[in-house]
J.: 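Got a structure for you, written out below as structure tokens; questions coming shortly.
Counting from 1, the numbers follow the sequence of the chain as shown. The structure presented is a predicted model; accordingly, all values stated were derived computationally and were not measured.
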Amino acid sequence: MTTPIDELPLVEAGGLLFIGDPHLGSIKPGRRKDVDFGATVLGAVAQAIAVANARRLVPVFLGDIFDRPHEEDERLKTRLTRILAGCWTTPVTNTGNHDKANDMLEDCDSLALLAAGGTISVVRTSGPVCVYRIGELRVGLGATPYGQAIPTDVRDAFPEVDTVVWITHHDVALEGAYPGALEPHPIEGCAIVVNGHMHLRKPLVTCGSTVWFNTGNITQTAVDALDHVPTVFELTADCEIVPHVLDLPTGTDAFDLTGLQVAPAKPAYQGEPVIRTVVEAAPTSAFVELLKSQDTLEMGRSGDGSLLREAIDARFEADGTPPEVRAAILKLWARASEQIEAAARN
């Protein structure tokens, strides 16, 4: 994992823009209403690139640019190339399971063609990718493609950065364990893991000093995403992650539910719109101090969840509570907040 900092590219930018799986393809998913599904996906990507250009953000795709390893429609690939080439800088993408026919990305895969053309930088193996100077911060970006092991310690990968972000493309147990899912774990030296692959947005999970965040896709491919709001997320110069909602059809505007025998799944999770991180002025150090939910019926206005959280945070600071203890307590607080929200809905 160790890579000298001077061997990694350094890019000046206004921030990073995390973009969930596009799943570009010429075959429309069964219940989508789109006359031209490929055009819808391209429109989503174009909107994301427009946000990046307007704010000088580096687009970071979380994987599954394509829905199939080999996309046969040359027009779609050409149109995508034009959109990506219109970005102020070269976008980065992780390699998802839909992007490759075999264990590793190969020349027969459509994503490899984009990489060879220079319109996107593709992460093929797990490790550090780049260092970005965002304001006064040096932010290290690392990535682990689908099917490869996510590290547990990245301090030696980025010895002179202020904070580290790692992107992944995995099944992660962010709402409880299930067969085949990876349990989120602390990653030493990493402030936040931003995950693709899982199509819906998931609640944040804190493990030690690492936050796990699943953005959800920018393309809804199945009715379980009926109420999912396609959103891209910006890492700012203030070390915050904030949302930018895309203008795309959702709900019954996107899906035809005629003859559906099973009711759509519960509404997609849309919580925690802002993640704040605090960066220490010490080599290899970066930790998440607070995660503050600013939606969920705006509990802060009622004083229910937010007052409790303020008291917890104050006690943390007064006692110098270790990160692993904070994480355990905040999990309990999150569960209580969810129960408050459910009670308010009922």
J.: Look up atom CZ in Phe66 and atom OG in Ser110, then write down how far apart they are to the nearest 0.5 Å.
T.: 5.0 Å
J.: Whether the His199 and Asp21 side chains hold a donor-acceptor pair (N or O, under 3.5 Å, no angle test) is what I'd like checked.
T.: no
J.: Working to the nearest 0.5 Å, report the span between CG of Leu42 and CZ of Arg82.
T.: 10.5 Å
J.: Contact between Ile150 and His185 at the side-chain level, heavy atoms closer than 4.5 Å - yes or no?
T.: yes
J.: Would you check if the side chain of Asp99 reaches a backbone N or O of Pro69 as a donor-acceptor pair within less than 3.5 Å?
T.: no
J.: Going from CG on Asn214 to CG on Leu200, what distance comes out if it is rounded to the nearest 0.5 angstrom?
T.: 8.5 Å
J.: Once you round to the nearest 0.5 Å, how far does OG1 of Thr95 lie from CG of Asp103?
T.: 12.5 Å
J.: What do the steps show when you test Leu105 against Leu111 for side chain to side chain contact (heavy atoms under 4.5 Å, CB included), and what is the final call?
T.: CA-CA 8 Å; Leu105 192 71; Leu111 185 58; 4.1 Å; yes
J.: Evaluate Cys190 against Phe158 for side chain to side chain contact (heavy atoms under 4.5 Å, CB included), listing each step before the verdict.
T.: CA-CA 10 Å; Cys190 177; Phe158 299 100; over 6 Å; no
J.: Within a strict 4.5 Å, meaning less than it, do heavy atoms of the Leu80 and Glu71 side chains meet?
T.: no
J.: In chain order, what residues pass the salt bridge (Lys or Arg N to Asp or Glu O under 4.0 Å) check against Glu106, with sequence neighbours excluded?
T.: none
J.: Is there a donor-acceptor pair closer than 3.5 Å between any side-chain N or O of Lys28 and the backbone N or O of Val35?
T.: no
J.: Where do Ile187 and Thr152 land on the side chain to side chain contact (heavy atoms under 4.5 Å, CB included) test, with the steps shown first?
T.: CA-CA 4 Å; Ile187 301 178; Thr152 57; 5.7 Å; no
J.: Is it possible for you to say whether Ile241 and Leu16 belong to one hydrophobic cluster, with membership spreading through side-chain heavy-atom contacts below 4.5 Å?
T.: yes
J.: Counting N and O atoms only, with roles assigned by atom type, does the side chain of Gln47 sit under 3.5 Å from a partner on the main chain of Asp247, one being a donor and the other an acceptor?
T.: yes
J.: Applying the side chain to side chain contact (heavy atoms under 4.5 Å, CB included) criterion to His170, which one of Asn195, Asn97, Val193 satisfies it?
T.: Asn195
J.: Do the side chain of Asp73 and the main chain of Arg75 share a donor and acceptor less than 3.5 angstrom apart?
T.: yes
J.: Does Ser121 have any side chain to side chain donor-acceptor pair (under 3.5 Å) partners at least two apart in sequence or in another chain, and if so, which?
T.: none
J.: Do Glu72 and Ser26 have side chains that approach each other closer than 4.5 Å (heavy atoms only, starting at C-beta)?
T.: no
J.: Do the non-hydrogen side-chain atoms of Cys207 and Val205 ever get within less than 4.5 Å of each other?
T.: yes
J.: Just by distance, do the side chain of Arg68 and the backbone of Gly25 share a donor-acceptor pair under 3.5 Å?
T.: no
J.: Applying side chain to side chain contact (heavy atoms under 4.5 Å, CB included) between Leu235 and each of Val165, Val194, Thr163, Val242, report the one that passes.
T.: Val165
J.: Spell out, as yes or no, whether a donor-acceptor pair under 3.5 Å connects the side chain of Asp171 to the backbone of Leu182.
T.: no
J.: If you compare all heavy atoms of Gly38 against all heavy atoms of Leu76, which two are closest, and at what distance to 0.1 Å?
T.: CA-CD2, 3.9 Å
J.: Within this structure, what is the CZ-CD distance for the pair Arg79 and Glu74, rounded to the nearest 0.5 Å?
T.: 13.0 Å
J.: Determine which pairs satisfy ring pair (Phe, Tyr, Trp, His ring centres under 6.0 Å) with at least one residue from residues 77-134, sequence neighbours left out, and list them in order.
T.: His23-His98
J.: Are any side-chain N or O atoms of Asn94 and backbone N or O atoms of Thr144, one a donor and one an acceptor, separated by less than 3.5 Å?
T.: yes
J.: Does one hydrophobic cluster hold both Val129 and Leu114, with members joined at side-chain heavy-atom distances below 4.5 Å?
T.: no
J.: Checking side chain to side chain contact (heavy atoms under 4.5 Å, CB included) against Ile65, which of Leu84, Thr93, Val122 comes through?
T.: Thr93
J.: Looking at every non-hydrogen atom in both residues, tell me the closest pair between Gly63 and Pro22 and how far apart they are.
T.: O-CD, 3.7 Å
J.: Looking only at heavy atoms, which two atoms of Ala13 and Val58 are closest? And how far apart?
T.: CB-CG2, 3.7 Å
J.: Any idea which heavy atoms bring Cys87 and Pro59 closest together, and the distance?
T.: SG-CG, 3.5 Å
J.: Within the structure provided, determine whether Leu17 and His244 are in side-chain contact (heavy-atom separation under 4.5 Å).
T.: yes
J.: What about Phe61 and Ile167, same hydrophobic cluster or not, with Ile/Leu/Val/Met/Phe/Trp/Tyr joined at side-chain heavy-atom distances under 4.5 Å?
T.: no
J.: Taking atom CD1 of Ile192 and atom CH2 of Trp212, what is their separation to the nearest 0.5 Å?
T.: 11.0 Å
J.: Just do the side chain to side chain contact (heavy atoms under 4.5 Å, CB included) check on Val11 and Cys130 with the steps written out, would you?
T.: CA-CA 8 Å; Val11 176; Cys130 191; 3.7 Å; yes
J.: Following the transitive rule for hydrophobic clusters with a side-chain heavy-atom cut-off under 4.5 Å over Ile, Leu, Val, Met, Phe, Trp and Tyr, establish whether Ile27 and Leu24 coincide in one cluster.
T.: no
J.: Do Ile218 and Leu246 have side chains that approach each other closer than 4.5 Å (heavy atoms only, starting at C-beta)?
T.: yes
J.: Hey, would you say the Phe213 and Phe233 ring centroids sit under 6.0 Å apart?
T.: yes
J.: Is the shortest distance from a Lys or Arg side-chain nitrogen in Arg55 or Glu234 to a carboxylate oxygen in the other one below 4.0 Å?
T.: yes
J.: Considering residues at least two apart in sequence or located in another chain, which fulfil the ring-ring contact (aromatic ring centres under 6.0 Å, His included) criterion with His70?
T.: none
J.: Write down the atom of Leu137, the atom of Cys239, and the distance for their closest heavy-atom approach.
T.: CD1-CB, 3.9 Å
J.: What side-chain donor-acceptor pairs closer than 3.5 Å can you find for residues 250-260, not counting sequence neighbours?
T.:
unit_1: Asp256; atom_1: OD1; unit_2: Thr258; atom_2: N; d: 2.9
unit_1: Asp256; atom_1: OD1; unit_2: Thr258; atom_2: OG1; d: 2.6

J.: Using the ring pair (Phe, Tyr, Trp, His ring centres under 6.0 Å) rule, take His197 and Tyr146 through it: C-alpha gap first, then chi angles, then the decisive distance, then the call.
T.: CA-CA 8 Å; His197 187 56; Tyr146 178 82; 5.3 Å; yes
J.: Using every non-hydrogen atom in the two residues, find where Gln220 and Ala225 come nearest and quote the distance to one decimal.
T.: NE2-O, 3.0 Å
J.: Linking I/L/V/M/F/W/Y whenever their side-chain heavy atoms sit closer than 4.5 Å, directly or via other members, would Val232 and Leu62 fall into one cluster?
T.: no
J.: Scan residues 180-189 for pairs that pass salt bridge (charged side-chain N to carboxylate O under 4.0 Å, His left out), counting only residues two or more places apart or in two chains.
T.: none
J.: Is it the case that Gln148 and Thr125 place a side-chain donor and acceptor less than 3.5 Å from each other?
T.: no
J.: Do Asn217 and His228 pair up side chain to side chain, a donor and an acceptor below 3.5 Å, judged on atom types alone?
T.: no
